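In this text, all values refer to a predicted model and were calculated from it rather than measured experimentally. For this chain, numbers begin at 1 and follow the sequence in order.
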Amino acid sequence: MDMSVFLTLAMFATLVGLLMSGFPVAFTLAGTGLLFGGFGIATGLMDFTFLEILPNRLFGSVIRNELLFAVPLFVSMGVMLEKSNVAEELLESMGKLFGPLRGGLGISVTIVGALLAASTGIVGATVVTMGLLSLPTMMRRGYDTSLATGSIAAAGTLGQIIPPSIVLILLADVMSNAWQQAQLNKGMFSPVPMSAGELFAGALIPGLILVGLYILYQISMAIFRPETSPAIKNDDREPDHKIYRRLFTALLPPLFLIVAVLGSILTGIATPTEAAAVGAVGAILLGASRLSSAMLRIVLISIAAISLLLVVSSSFDLRMHRDVVPTSDQVAYWAAIVLTGLFAVGLGVSLWRIRQTGVLGEVMRSTLRISTMIYAILIGASLFSLTFRGIGGDEIIENMLHNLPGGQFTAILLVMVLMFVLGFFLDFIEITFVVVPVVAPALLAMDGTYGPIWLGVLMAMNLQTSFLTPPFGFALFYLRGVVPETIPTTAIYKGVLPFVAIQIFALLLISIKPELVTWLPDLLFKD
(Lines give C-alpha, C1' and ligand atoms only; values in the text may rest on other atoms or scores of the structure.)
Protein backbone atom coordinates (compact mmCIF):
# COMPACT_ATOMS: atom_id res chain seq x y z
CA MET A 1 0.00 0.00 0.00
CA ASP A 2 1.25 3.49 -0.86
CA MET A 3 2.52 5.37 2.23
CA SER A 4 0.30 8.38 1.47
CA VAL A 5 -2.81 6.16 1.32
CA PHE A 6 -1.76 4.39 4.51
CA LEU A 7 -1.25 7.66 6.44
CA THR A 8 -4.56 9.03 5.15
CA LEU A 9 -6.53 5.99 6.30
CA ALA A 10 -4.67 5.84 9.62
CA MET A 11 -5.29 9.56 10.20
CA PHE A 12 -9.06 9.18 9.76
CA ALA A 13 -9.18 6.00 11.84
CA THR A 14 -7.26 7.67 14.68
CA LEU A 15 -9.51 10.73 14.55
CA VAL A 16 -12.75 8.71 14.67
CA GLY A 17 -11.42 6.45 17.43
CA LEU A 18 -10.40 9.36 19.66
CA LEU A 19 -13.65 11.23 19.05
CA MET A 20 -15.76 8.18 19.90
CA SER A 21 -13.71 7.68 23.07
CA GLY A 22 -14.98 11.03 24.34
CA PHE A 23 -11.70 12.95 24.12
CA PRO A 24 -12.26 16.72 23.61
CA VAL A 25 -12.89 17.48 19.96
CA ALA A 26 -10.60 20.49 19.55
CA PHE A 27 -7.62 18.71 21.13
CA THR A 28 -8.35 15.55 19.14
CA LEU A 29 -8.26 17.45 15.84
CA ALA A 30 -5.13 19.41 16.69
CA GLY A 31 -3.34 16.44 18.24
CA THR A 32 -4.11 14.13 15.32
CA GLY A 33 -2.92 16.81 12.92
CA LEU A 34 0.37 17.28 14.78
CA LEU A 35 0.95 13.54 15.18
CA PHE A 36 0.47 12.67 11.53
CA GLY A 37 2.20 15.86 10.46
CA GLY A 38 5.25 14.51 12.26
CA PHE A 39 4.84 11.15 10.51
CA GLY A 40 4.50 12.90 7.14
CA ILE A 41 7.65 14.97 7.71
CA ALA A 42 9.58 11.90 8.93
CA THR A 43 8.61 9.86 5.86
CA GLY A 44 9.25 12.73 3.44
CA LEU A 45 5.62 12.95 2.29
CA MET A 46 5.07 16.38 3.78
CA ASP A 47 7.16 19.52 3.80
CA PHE A 48 7.64 21.25 7.16
CA THR A 49 6.59 24.55 5.57
CA PHE A 50 2.97 23.28 5.67
CA LEU A 51 3.01 23.66 9.45
CA GLU A 52 4.88 26.96 9.28
CA ILE A 53 2.01 28.60 7.40
CA LEU A 54 -0.52 27.65 10.10
CA PRO A 55 -0.32 31.03 11.97
CA ASN A 56 -0.95 32.96 8.74
CA ARG A 57 -3.76 30.56 7.85
CA LEU A 58 -5.44 31.05 11.23
CA PHE A 59 -5.00 34.81 11.04
CA GLY A 60 -6.63 34.93 7.63
CA SER A 61 -9.35 32.31 8.00
CA VAL A 62 -10.32 32.78 11.66
CA ILE A 63 -9.20 36.06 13.18
CA ARG A 64 -9.87 38.28 10.16
CA ASN A 65 -12.87 36.32 8.88
CA GLU A 66 -15.73 38.78 9.16
CA LEU A 67 -18.36 36.09 8.59
CA LEU A 68 -17.30 34.21 11.73
CA PHE A 69 -17.83 37.39 13.77
CA ALA A 70 -21.52 36.66 13.35
CA VAL A 71 -21.25 33.43 15.36
CA PRO A 72 -21.13 34.92 18.91
CA LEU A 73 -23.71 37.54 17.92
CA PHE A 74 -26.20 34.96 16.66
CA VAL A 75 -25.50 32.77 19.69
CA SER A 76 -26.19 35.65 22.10
CA MET A 77 -29.37 36.50 20.17
CA GLY A 78 -30.61 32.93 20.43
CA VAL A 79 -29.75 32.49 24.11
CA MET A 80 -31.34 35.83 25.02
CA LEU A 81 -34.58 34.90 23.27
CA GLU A 82 -34.50 31.49 24.94
CA LYS A 83 -34.23 33.12 28.38
CA SER A 84 -36.89 35.74 27.63
CA ASN A 85 -39.90 33.36 27.67
CA VAL A 86 -40.59 34.02 23.99
CA ALA A 87 -41.26 30.34 23.32
CA GLU A 88 -43.60 30.02 26.30
CA GLU A 89 -45.80 32.91 25.18
CA LEU A 90 -45.82 31.76 21.56
CA LEU A 91 -46.79 28.21 22.49
CA GLU A 92 -49.55 29.35 24.81
CA SER A 93 -51.00 31.76 22.24
CA MET A 94 -50.74 29.37 19.31
CA GLY A 95 -52.21 26.57 21.39
CA LYS A 96 -55.27 28.66 22.23
CA LEU A 97 -55.69 29.66 18.59
CA PHE A 98 -55.39 26.18 17.05
CA GLY A 99 -56.51 24.22 20.09
CA PRO A 100 -60.17 23.76 19.06
CA LEU A 101 -58.95 21.93 15.93
CA ARG A 102 -57.90 18.30 16.02
CA GLY A 103 -54.12 18.27 15.81
CA GLY A 104 -54.05 21.96 16.68
CA LEU A 105 -51.45 21.63 19.43
CA GLY A 106 -49.17 19.63 17.14
CA ILE A 107 -49.49 22.30 14.45
CA SER A 108 -48.72 24.95 17.07
CA VAL A 109 -45.56 23.10 18.13
CA THR A 110 -44.37 22.93 14.50
CA ILE A 111 -45.03 26.63 13.84
CA VAL A 112 -43.38 27.76 17.07
CA GLY A 113 -40.45 25.41 16.38
CA ALA A 114 -39.99 27.06 12.98
CA LEU A 115 -40.12 30.54 14.53
CA LEU A 116 -37.62 29.58 17.22
CA ALA A 117 -35.40 27.98 14.58
CA ALA A 118 -35.33 31.25 12.65
CA SER A 119 -34.67 33.31 15.77
CA THR A 120 -32.31 31.12 17.80
CA GLY A 121 -30.75 28.67 15.36
CA ILE A 122 -29.59 26.40 18.21
CA VAL A 123 -31.03 22.89 17.92
CA GLY A 124 -30.35 21.65 21.44
CA ALA A 125 -31.87 24.73 23.07
CA THR A 126 -34.97 24.54 20.87
CA VAL A 127 -35.61 20.84 21.55
CA VAL A 128 -35.15 21.25 25.30
CA THR A 129 -37.31 24.38 25.45
CA MET A 130 -40.11 22.83 23.41
CA GLY A 131 -39.94 19.61 25.42
CA LEU A 132 -40.23 21.40 28.74
CA LEU A 133 -43.02 23.73 27.66
CA SER A 134 -45.24 21.81 25.24
CA LEU A 135 -44.98 18.14 26.22
CA PRO A 136 -46.83 18.47 29.58
CA THR A 137 -49.66 20.34 27.85
CA MET A 138 -49.94 17.79 25.04
CA MET A 139 -49.95 14.90 27.49
CA ARG A 140 -52.57 16.60 29.64
CA ARG A 141 -54.79 17.14 26.59
CA GLY A 142 -54.67 13.44 25.68
CA TYR A 143 -52.19 13.48 22.81
CA ASP A 144 -50.56 10.22 21.76
CA THR A 145 -47.14 10.01 23.43
CA SER A 146 -45.30 9.04 20.26
CA LEU A 147 -46.93 11.77 18.19
CA ALA A 148 -46.21 14.41 20.83
CA THR A 149 -42.54 13.52 21.33
CA GLY A 150 -41.96 13.06 17.58
CA SER A 151 -43.48 16.46 16.82
CA ILE A 152 -41.30 18.17 19.41
CA ALA A 153 -38.06 16.51 18.28
CA ALA A 154 -38.76 17.24 14.61
CA ALA A 155 -39.71 20.87 15.25
CA GLY A 156 -36.54 21.33 17.31
CA THR A 157 -34.26 20.20 14.46
CA LEU A 158 -35.63 22.86 12.11
CA GLY A 159 -32.88 25.09 13.49
CA GLN A 160 -30.48 23.16 11.24
CA ILE A 161 -32.07 24.29 7.98
CA ILE A 162 -34.14 27.43 8.56
CA PRO A 163 -31.92 30.54 8.32
CA PRO A 164 -30.31 32.26 10.01
CA SER A 165 -28.72 29.39 11.93
CA ILE A 166 -25.28 28.68 13.35
CA VAL A 167 -25.07 25.58 11.13
CA LEU A 168 -25.58 27.60 7.95
CA ILE A 169 -23.15 30.32 9.04
CA LEU A 170 -20.35 27.79 9.60
CA LEU A 171 -21.29 25.78 6.53
CA ALA A 172 -21.30 28.93 4.39
CA ASP A 173 -17.72 29.74 5.40
CA VAL A 174 -16.48 26.20 4.70
CA MET A 175 -18.43 25.81 1.43
CA SER A 176 -17.18 29.18 0.17
CA ASN A 177 -13.57 28.09 0.68
CA ALA A 178 -14.28 24.69 -0.90
CA TRP A 179 -15.96 26.34 -3.90
CA GLN A 180 -12.98 28.61 -4.49
CA GLN A 181 -10.62 25.63 -4.14
CA ALA A 182 -12.68 23.60 -6.63
CA GLN A 183 -12.58 26.44 -9.17
CA LEU A 184 -8.82 26.84 -8.75
CA ASN A 185 -8.36 23.10 -9.27
CA LYS A 186 -10.28 23.41 -12.54
CA GLY A 187 -7.95 26.20 -13.73
CA MET A 188 -10.27 29.15 -12.95
CA PHE A 189 -7.91 31.68 -11.40
CA SER A 190 -10.65 34.28 -10.82
CA PRO A 191 -13.04 32.17 -8.73
CA VAL A 192 -16.63 33.29 -8.25
CA PRO A 193 -17.33 33.67 -4.50
CA MET A 194 -20.32 32.31 -2.60
CA SER A 195 -21.83 34.38 0.20
CA ALA A 196 -23.64 33.33 3.36
CA GLY A 197 -26.68 35.26 2.14
CA GLU A 198 -26.90 32.99 -0.91
CA LEU A 199 -26.83 29.88 1.28
CA PHE A 200 -29.50 31.41 3.54
CA ALA A 201 -31.68 32.10 0.50
CA GLY A 202 -31.11 28.57 -0.79
CA ALA A 203 -32.12 26.99 2.52
CA LEU A 204 -35.26 29.09 3.02
CA ILE A 205 -37.62 27.33 0.60
CA PRO A 206 -36.56 23.76 1.60
CA GLY A 207 -37.00 24.75 5.25
CA LEU A 208 -40.50 26.06 4.63
CA ILE A 209 -41.31 22.92 2.62
CA LEU A 210 -40.32 20.83 5.63
CA VAL A 211 -42.56 22.90 7.90
CA GLY A 212 -45.43 22.41 5.46
CA LEU A 213 -44.88 18.65 5.29
CA TYR A 214 -44.76 18.42 9.10
CA ILE A 215 -48.07 20.28 9.37
CA LEU A 216 -49.59 18.10 6.63
CA TYR A 217 -48.62 15.01 8.62
CA GLN A 218 -50.22 16.49 11.76
CA ILE A 219 -53.43 17.13 9.82
CA SER A 220 -53.39 13.60 8.36
CA MET A 221 -53.03 12.07 11.83
CA ALA A 222 -55.93 14.20 13.07
CA ILE A 223 -58.13 12.99 10.21
CA PHE A 224 -57.24 9.31 10.04
CA ARG A 225 -56.36 8.70 13.71
CA PRO A 226 -58.35 11.34 15.61
CA GLU A 227 -57.72 9.71 18.99
CA THR A 228 -54.01 10.61 18.76
CA SER A 229 -54.57 14.39 18.62
CA PRO A 230 -57.79 15.53 20.32
CA ALA A 231 -59.06 19.10 20.27
CA ILE A 232 -59.16 21.39 23.29
CA LYS A 233 -62.64 21.55 24.82
CA ASN A 234 -64.63 24.71 24.24
CA ASP A 235 -65.04 25.45 27.94
CA ASP A 236 -61.28 26.01 28.19
CA ARG A 237 -61.27 28.49 25.34
CA GLU A 238 -60.96 32.25 25.82
CA PRO A 239 -62.93 34.75 23.72
CA ASP A 240 -61.57 35.19 20.21
CA HIS A 241 -60.57 38.84 20.61
CA LYS A 242 -58.40 38.03 23.64
CA ILE A 243 -56.73 35.14 21.81
CA TYR A 244 -55.94 37.29 18.77
CA ARG A 245 -54.64 40.15 20.93
CA ARG A 246 -52.39 37.83 22.93
CA LEU A 247 -51.16 36.11 19.77
CA PHE A 248 -50.42 39.47 18.18
CA THR A 249 -48.39 40.72 21.15
CA ALA A 250 -46.53 37.40 21.47
CA LEU A 251 -45.87 36.91 17.74
CA LEU A 252 -45.12 40.40 16.46
CA PRO A 253 -41.84 41.20 18.30
CA PRO A 254 -39.92 37.98 17.44
CA LEU A 255 -41.39 37.97 13.92
CA PHE A 256 -40.28 41.56 13.42
CA LEU A 257 -36.81 40.64 14.66
CA ILE A 258 -36.61 37.65 12.30
CA VAL A 259 -37.72 39.76 9.33
CA ALA A 260 -35.23 42.50 10.23
CA VAL A 261 -32.30 40.08 10.50
CA LEU A 262 -33.08 37.66 7.66
CA GLY A 263 -34.63 40.29 5.40
CA SER A 264 -31.61 42.59 5.65
CA ILE A 265 -29.33 39.69 4.63
CA LEU A 266 -31.47 38.46 1.73
CA THR A 267 -32.02 41.94 0.31
CA GLY A 268 -28.33 42.81 0.58
CA ILE A 269 -28.89 45.73 2.94
CA ALA A 270 -26.58 44.21 5.56
CA THR A 271 -23.95 41.50 5.75
CA PRO A 272 -24.64 38.49 8.02
CA THR A 273 -22.36 39.99 10.66
CA GLU A 274 -24.16 43.34 10.61
CA ALA A 275 -27.53 41.62 10.67
CA ALA A 276 -26.38 39.45 13.58
CA ALA A 277 -25.48 42.60 15.52
CA VAL A 278 -28.97 43.96 14.86
CA GLY A 279 -30.42 40.65 16.05
CA ALA A 280 -28.34 40.64 19.25
CA VAL A 281 -29.36 44.20 20.15
CA GLY A 282 -32.97 43.50 19.19
CA ALA A 283 -33.03 40.42 21.44
CA ILE A 284 -31.79 42.54 24.35
CA LEU A 285 -34.56 45.09 23.80
CA LEU A 286 -37.14 42.33 23.38
CA GLY A 287 -36.04 40.68 26.61
CA ALA A 288 -36.15 43.98 28.51
CA SER A 289 -39.60 44.88 27.20
CA ARG A 290 -41.09 41.85 28.96
CA LEU A 291 -39.88 42.88 32.41
CA SER A 292 -42.39 45.66 33.14
CA SER A 293 -44.67 48.21 31.49
CA ALA A 294 -42.13 50.96 32.22
CA MET A 295 -39.40 49.03 30.42
CA LEU A 296 -41.78 48.43 27.52
CA ARG A 297 -42.20 52.20 27.13
CA ILE A 298 -38.42 52.73 27.26
CA VAL A 299 -37.87 50.05 24.62
CA LEU A 300 -40.54 51.55 22.35
CA ILE A 301 -38.89 54.98 22.68
CA SER A 302 -35.52 53.40 21.82
CA ILE A 303 -36.96 51.67 18.74
CA ALA A 304 -38.65 54.91 17.65
CA ALA A 305 -35.34 56.78 18.09
CA ILE A 306 -33.32 54.34 15.98
CA SER A 307 -36.06 54.25 13.33
CA LEU A 308 -36.07 58.06 13.09
CA LEU A 309 -32.27 58.03 13.00
CA LEU A 310 -32.37 55.77 9.94
CA VAL A 311 -34.86 58.11 8.26
CA VAL A 312 -32.74 61.20 9.04
CA SER A 313 -29.47 59.60 7.89
CA SER A 314 -31.02 58.53 4.59
CA SER A 315 -32.78 61.88 3.96
CA PHE A 316 -30.01 64.37 4.83
CA ASP A 317 -26.27 64.73 4.28
CA LEU A 318 -24.85 64.62 7.80
CA ARG A 319 -21.24 65.37 6.82
CA MET A 320 -20.27 68.59 8.58
CA HIS A 321 -16.78 68.97 7.06
CA ARG A 322 -18.05 70.74 3.97
CA ASP A 323 -17.48 74.28 2.80
CA VAL A 324 -21.22 75.03 2.81
CA VAL A 325 -23.61 73.15 5.09
CA PRO A 326 -27.31 73.99 4.64
CA THR A 327 -29.29 74.81 7.75
CA SER A 328 -31.53 71.77 7.21
CA ASP A 329 -28.49 69.46 7.28
CA GLN A 330 -27.20 71.15 10.45
CA VAL A 331 -30.55 70.64 12.17
CA ALA A 332 -30.63 67.02 10.98
CA TYR A 333 -27.07 66.52 12.29
CA TRP A 334 -27.96 67.64 15.82
CA ALA A 335 -31.23 65.70 15.66
CA ALA A 336 -29.24 62.58 14.77
CA ILE A 337 -26.99 63.15 17.81
CA VAL A 338 -30.04 63.46 20.08
CA LEU A 339 -31.66 60.34 18.60
CA THR A 340 -28.41 58.39 18.99
CA GLY A 341 -28.23 59.48 22.62
CA LEU A 342 -31.83 58.42 23.25
CA PHE A 343 -31.19 54.98 21.75
CA ALA A 344 -27.94 54.54 23.69
CA VAL A 345 -29.67 55.43 26.96
CA GLY A 346 -32.54 53.05 26.23
CA LEU A 347 -30.16 50.23 25.39
CA GLY A 348 -28.11 50.93 28.50
CA VAL A 349 -31.18 50.88 30.74
CA SER A 350 -32.32 47.64 29.09
CA LEU A 351 -28.95 46.00 29.73
CA TRP A 352 -28.98 47.18 33.35
CA ARG A 353 -32.47 45.83 34.03
CA ILE A 354 -31.69 42.48 32.38
CA ARG A 355 -28.50 42.30 34.41
CA GLN A 356 -30.49 42.81 37.61
CA THR A 357 -32.63 39.78 36.80
CA GLY A 358 -29.52 37.61 36.35
CA VAL A 359 -30.41 36.77 32.74
CA LEU A 360 -27.62 38.85 31.20
CA GLY A 361 -24.95 36.94 33.11
CA GLU A 362 -26.39 33.60 31.94
CA VAL A 363 -26.54 34.82 28.35
CA MET A 364 -22.94 36.06 28.41
CA ARG A 365 -21.62 32.85 29.95
CA SER A 366 -23.52 30.67 27.46
CA THR A 367 -22.38 32.82 24.54
CA LEU A 368 -18.76 32.71 25.68
CA ARG A 369 -18.85 28.94 26.24
CA ILE A 370 -20.48 28.09 22.88
CA SER A 371 -18.40 30.57 20.85
CA THR A 372 -15.14 29.46 22.46
CA MET A 373 -15.99 25.84 21.70
CA ILE A 374 -16.66 26.69 18.04
CA TYR A 375 -13.46 28.69 17.60
CA ALA A 376 -11.34 26.07 19.39
CA ILE A 377 -12.72 23.36 17.10
CA LEU A 378 -12.09 25.57 14.08
CA ILE A 379 -8.43 26.07 15.07
CA GLY A 380 -7.96 22.34 15.62
CA ALA A 381 -9.71 21.56 12.32
CA SER A 382 -7.42 24.01 10.48
CA LEU A 383 -4.35 22.12 11.70
CA PHE A 384 -5.97 18.78 10.85
CA SER A 385 -6.94 19.81 7.31
CA LEU A 386 -3.51 21.38 6.71
CA THR A 387 -1.76 18.12 7.61
CA PHE A 388 -4.32 16.14 5.61
CA ARG A 389 -3.52 18.15 2.50
CA GLY A 390 0.20 17.98 3.27
CA ILE A 391 0.28 14.17 3.14
CA GLY A 392 -1.78 14.15 -0.07
CA GLY A 393 -5.09 13.12 1.46
CA ASP A 394 -7.13 15.61 -0.58
CA GLU A 395 -5.82 14.18 -3.85
CA ILE A 396 -6.56 10.64 -2.68
CA ILE A 397 -10.16 11.54 -1.77
CA GLU A 398 -10.66 13.42 -5.05
CA ASN A 399 -9.32 10.53 -7.14
CA MET A 400 -11.44 8.04 -5.21
CA LEU A 401 -14.64 10.05 -5.70
CA HIS A 402 -13.94 10.74 -9.38
CA ASN A 403 -13.20 7.08 -10.12
CA LEU A 404 -16.32 5.65 -8.52
CA PRO A 405 -18.69 3.78 -10.85
CA GLY A 406 -21.73 5.92 -11.51
CA GLY A 407 -19.79 9.18 -11.40
CA GLN A 408 -21.25 12.19 -9.64
CA PHE A 409 -24.41 10.43 -8.40
CA THR A 410 -22.47 7.67 -6.64
CA ALA A 411 -19.95 10.13 -5.20
CA ILE A 412 -22.60 12.40 -3.70
CA LEU A 413 -24.58 9.41 -2.42
CA LEU A 414 -21.48 7.98 -0.74
CA VAL A 415 -20.65 11.31 0.91
CA MET A 416 -24.24 11.77 2.09
CA VAL A 417 -24.30 8.28 3.63
CA LEU A 418 -20.94 8.93 5.31
CA MET A 419 -22.13 12.25 6.78
CA PHE A 420 -25.42 10.65 7.84
CA VAL A 421 -23.59 7.92 9.79
CA LEU A 422 -21.07 10.36 11.27
CA GLY A 423 -24.01 12.50 12.43
CA PHE A 424 -24.83 9.73 14.93
CA PHE A 425 -21.51 10.25 16.71
CA LEU A 426 -20.24 13.74 15.87
CA ASP A 427 -21.82 17.16 16.26
CA PHE A 428 -22.47 19.33 13.21
CA ILE A 429 -19.46 21.52 14.05
CA GLU A 430 -16.97 18.65 13.79
CA ILE A 431 -18.57 17.35 10.58
CA THR A 432 -18.61 20.83 9.05
CA PHE A 433 -14.98 21.56 9.85
CA VAL A 434 -13.52 18.09 9.23
CA VAL A 435 -15.55 16.25 6.56
CA VAL A 436 -16.88 19.06 4.37
CA PRO A 437 -13.48 20.68 3.55
CA VAL A 438 -12.17 17.26 2.50
CA VAL A 439 -15.01 16.10 0.23
CA ALA A 440 -16.65 19.33 -0.97
CA PRO A 441 -13.87 20.52 -3.36
CA ALA A 442 -13.83 17.12 -5.09
CA LEU A 443 -17.64 17.02 -5.43
CA LEU A 444 -17.85 20.61 -6.67
CA ALA A 445 -15.14 19.97 -9.27
CA MET A 446 -17.29 17.30 -10.94
CA ASP A 447 -19.21 18.21 -14.06
CA GLY A 448 -22.95 18.36 -13.50
CA THR A 449 -22.84 19.38 -9.83
CA TYR A 450 -25.41 22.11 -9.21
CA GLY A 451 -23.01 24.28 -7.25
CA PRO A 452 -22.08 25.02 -3.62
CA ILE A 453 -25.49 26.35 -2.54
CA TRP A 454 -27.35 23.21 -3.57
CA LEU A 455 -24.65 20.95 -2.10
CA GLY A 456 -24.56 22.97 1.15
CA VAL A 457 -28.34 22.78 1.63
CA LEU A 458 -28.28 19.07 0.82
CA MET A 459 -25.61 18.52 3.48
CA ALA A 460 -27.45 20.62 6.07
CA MET A 461 -30.72 18.74 5.55
CA ASN A 462 -28.86 15.41 5.60
CA LEU A 463 -27.34 16.27 8.99
CA GLN A 464 -30.76 17.35 10.23
CA THR A 465 -32.12 13.92 9.24
CA SER A 466 -29.22 12.20 10.97
CA PHE A 467 -29.78 14.14 14.21
CA LEU A 468 -33.42 12.96 14.19
CA THR A 469 -32.85 9.29 13.34
CA PRO A 470 -33.00 6.58 16.08
CA PRO A 471 -31.20 5.29 17.99
CA PHE A 472 -28.31 7.80 18.05
CA GLY A 473 -29.88 11.08 16.90
CA PHE A 474 -28.69 14.05 18.96
CA ALA A 475 -32.19 15.56 19.09
CA LEU A 476 -33.48 12.36 20.70
CA PHE A 477 -30.84 12.56 23.42
CA TYR A 478 -31.77 16.19 24.12
CA LEU A 479 -35.45 15.28 24.33
CA ARG A 480 -34.84 12.16 26.43
CA GLY A 481 -33.16 14.37 29.02
CA VAL A 482 -36.29 16.45 29.64
CA VAL A 483 -39.21 14.03 29.17
CA PRO A 484 -40.61 12.15 32.20
CA GLU A 485 -39.20 8.72 32.93
CA THR A 486 -42.69 7.27 32.51
CA ILE A 487 -42.37 7.86 28.74
CA PRO A 488 -40.37 4.97 27.25
CA THR A 489 -37.55 5.64 24.81
CA THR A 490 -39.24 3.35 22.29
CA ALA A 491 -42.21 5.74 22.18
CA ILE A 492 -39.88 8.60 21.21
CA TYR A 493 -38.27 6.45 18.50
CA LYS A 494 -41.67 5.42 17.16
CA GLY A 495 -42.81 9.04 17.08
CA VAL A 496 -39.87 10.39 15.09
CA LEU A 497 -39.84 7.70 12.38
CA PRO A 498 -42.61 9.36 10.27
CA PHE A 499 -40.71 12.66 10.47
CA VAL A 500 -37.50 10.90 9.39
CA ALA A 501 -39.44 9.59 6.37
CA ILE A 502 -40.57 13.16 5.65
CA GLN A 503 -36.96 14.33 5.87
CA ILE A 504 -35.82 11.65 3.43
CA PHE A 505 -38.63 12.59 1.05
CA ALA A 506 -37.55 16.25 1.23
CA LEU A 507 -33.93 15.22 0.57
CA LEU A 508 -35.01 13.29 -2.52
CA LEU A 509 -37.16 16.23 -3.61
CA ILE A 510 -34.34 18.78 -3.58
CA SER A 511 -32.02 16.21 -5.17
CA ILE A 512 -34.41 15.72 -8.07
CA LYS A 513 -35.51 19.38 -8.20
CA PRO A 514 -32.42 21.49 -7.40
CA GLU A 515 -34.37 24.57 -8.54
CA LEU A 516 -36.09 24.50 -5.13
CA VAL A 517 -32.70 25.50 -3.70
CA THR A 518 -31.16 27.57 -6.49
CA TRP A 519 -34.17 29.64 -7.62
CA LEU A 520 -34.26 32.18 -4.77
CA PRO A 521 -30.47 32.81 -4.63
CA ASP A 522 -30.45 33.33 -8.41
CA LEU A 523 -33.37 35.73 -8.12
CA LEU A 524 -31.86 37.79 -5.29
CA PHE A 525 -28.12 37.69 -5.90
CA LYS A 526 -27.49 37.12 -9.62
CA ASP A 527 -27.24 40.12 -11.92
Side-chain angles (χ1 to χ4, degrees), residues 1-63 65 170-171 173-175 177-178 180-182 184-185 373-404 411 414-415 417-419 421-445 459:
M1 181 184 292
D2 183 77
M3 181 58 70
S4 180
V5 175
F6 174 76
L7 282 182
T8 300
L9 294 176
M11 192 174 182
F12 259 115
T14 302
L15 175 68
V16 173
L18 289 174
L19 288 175
M20 293 183 66
S21 69
F23 200 75
V25 175
F27 299 128
T28 296
L29 291 169
T32 305
L34 281 176
L35 177 64
F36 282 87
F39 289 155
I41 294 171
T43 56
L45 285 174
M46 175 175 163
D47 196 314
F48 186 75
T49 54
F50 267 86
L51 296 181
E52 288 181 341
I53 66 175
L54 179 64
N56 291 332
R57 182 184 176 93
L58 292 178
F59 187 77
S61 63
V62 180
I63 298 174
N65 191 336
L170 300 177
L171 195 58
D173 181 62
V174 175
M175 289 300 297
N177 294 332
Q180 294 185 39
Q181 183 64 41
L184 291 173
N185 292 343
M373 176 193 68
I374 292 173
Y375 277 98
I377 293 174
L378 177 55
I379 292 171
S382 297
L383 178 54
F384 178 88
S385 61
L386 199 62
T387 300
F388 188 77
R389 286 193 171 93
I391 64 175
D394 56 339
E395 296 179 3
I396 294 171
I397 295 296
E398 183 172 353
N399 291 333
M400 182 195 73
L401 292 176
H402 280 265
N403 293 327
L404 285 172
L414 178 63
V415 170
V417 171
L418 174 65
M419 293 181 67
V421 174
L422 288 177
F424 289 153
F425 310 104
L426 305 180
D427 194 42
F428 72 88
I429 301 173
E430 296 96 86
I431 296 175
T432 301
F433 288 150
V434 176
V435 179
V436 178
V438 173
V439 300
L443 293 177
L444 292 172
M459 288 179 170

Next on the checklist: Are Leu378 and Ser382 packed together at the side-chain level, in the sense that at least one heavy-atom pair is separated by less than 4.5 angstrom?
Outcome noted: yes
Checklist outcome for this item: Taken to the nearest 0.5 Å, the spacing of Ile391 CD1 from Leu386 CG works out to 11.0 Å
Checklist entry - Minimum heavy-atom separation for Val436 to Thr432, with atom names? => result CB-O, 3.4 Å
Next on the checklist: Under a 3.5 Å distance rule, please check whether Thr43 uses its side chain to pair with a backbone N or O of Gly40 as donor and acceptor.
Outcome noted: yes
Checklist outcome for this item: For Met175 and Leu444 the tightest heavy-atom approach is CE-CD1, 4.1 Å
Checklist entry - For the rings on Phe388 and Phe12, is their centre-to-centre separation under 6.0 Å? => result yes
Next on the checklist: side-chain contact (heavy atoms from CB on, under 4.5 Å) for Leu29 and Leu383? Distances and angles first, verdict last.
Outcome noted: CA-CA 7 Å; Leu29 291 169; Leu383 178 54; over 6 Å; no
Next on the checklist: Can you confirm whether Met419 sits close enough to Leu414 that some side-chain heavy atom of one is under 4.5 Å from a side-chain heavy atom of the other?
Outcome noted: no
Item to check | Donor-acceptor pair, side chain of Thr387 and main chain of Phe36, under 3.5 angstrom | outcome: no
Item to check | Nearest-0.5 Å distance that lies between atom CD1 in Ile431 and atom CG in Leu170 | outcome: 12.5 Å
Checklist entry - What is the distance from atom CD1 of Ile41 to atom CZ of Phe39, rounded to the nearest 0.5 Å? => result 11.5 Å
Checklist outcome for this item: Rounded to the nearest 0.5 angstrom, the CZ-CG distance for Phe433 and Asp173 is 7.0 Å
